[in-house]
Amino acid sequence: MLAKQIPVWGYLYAFIELGLGLAYLMNFQPMLINTLTFVVMSISIIGVLQSVLNKKKIQCACLGAVFNLPMSTVTIIEDALIIAMSGAMILLMN
């Protein structure tokens, strides 16, 4: 969805996820990182849902090109769990 409006997003997305993962490992600014994760993954799940419901064959951004892995229900579940995790962390930090 966002990549249609901002084409460079499709290229940056994997690096954004990598950066978020590294920030979690380093425990860098947990509130900021959880908020960014919540926003990024919420945007991501909308695009994934659109692709899956429209039966589009789009490669998964993380390892889709390496393993020929299309977006599927697994991607939806992954995004939903990450949204839930970051949301819970935000609530617990307040």
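Side-chain atoms are counted along with the backbone in the values below, which use heavy atoms only and exclude waters and symmetry mates. The residues of the chain are indexed from 1 along the displayed sequence.
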Shared ILVMFWY cluster between [X] and [Y], side chains joined below 4.5 angstrom?
{"X": "Leu92", "Y": "Ile82", "value": "no"}
{"X": "Phe38", "Y": "Phe28", "value": "yes"}
{"X": "Leu12", "Y": "Leu22", "value": "no"}
{"X": "Met93", "Y": "Leu25", "value": "no"}
{"X": "Phe15", "Y": "Ile6", "value": "no"}

Rounded to the nearest 0.5 Å, what separates atom [atom1] in [X] from atom [atom2] in [Y]?
{"X": "Leu91", "Y": "Asn34", "atom1": "CG", "atom2": "CG", "value": "10.0 Å"}
{"X": "Met41", "Y": "Ile46", "atom1": "CE", "atom2": "CD1", "value": "12.0 Å"}
{"X": "Glu78", "Y": "Ile83", "atom1": "CD", "atom2": "CD1", "value": "10.5 Å"}
{"X": "Gln50", "Y": "Ile45", "atom1": "CD", "atom2": "CD1", "value": "11.5 Å"}
{"X": "Ser86", "Y": "Ile33", "atom1": "OG", "atom2": "CD1", "value": "11.0 Å"}
{"X": "Thr37", "Y": "Ile16", "atom1": "OG1", "atom2": "CD1", "value": "11.0 Å"}

Next item on the list: Just do the side chain to side chain contact (heavy atoms under 4.5 Å, CB included) check on Tyr24 and Met85 with the steps written out, would you?
Entry: CA-CA 12 Å; Tyr24 274 110; Met85 175 209 66; 3.6 Å; yes
Item checked: Met89 atom CE, over 12 foreign heavy atoms within 6.0 Å ->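 Counting neighbours around CE of Met89, 12 or fewer heavy atoms of other residues, nucleotides or ligands fall under 6.0 Å, so no.
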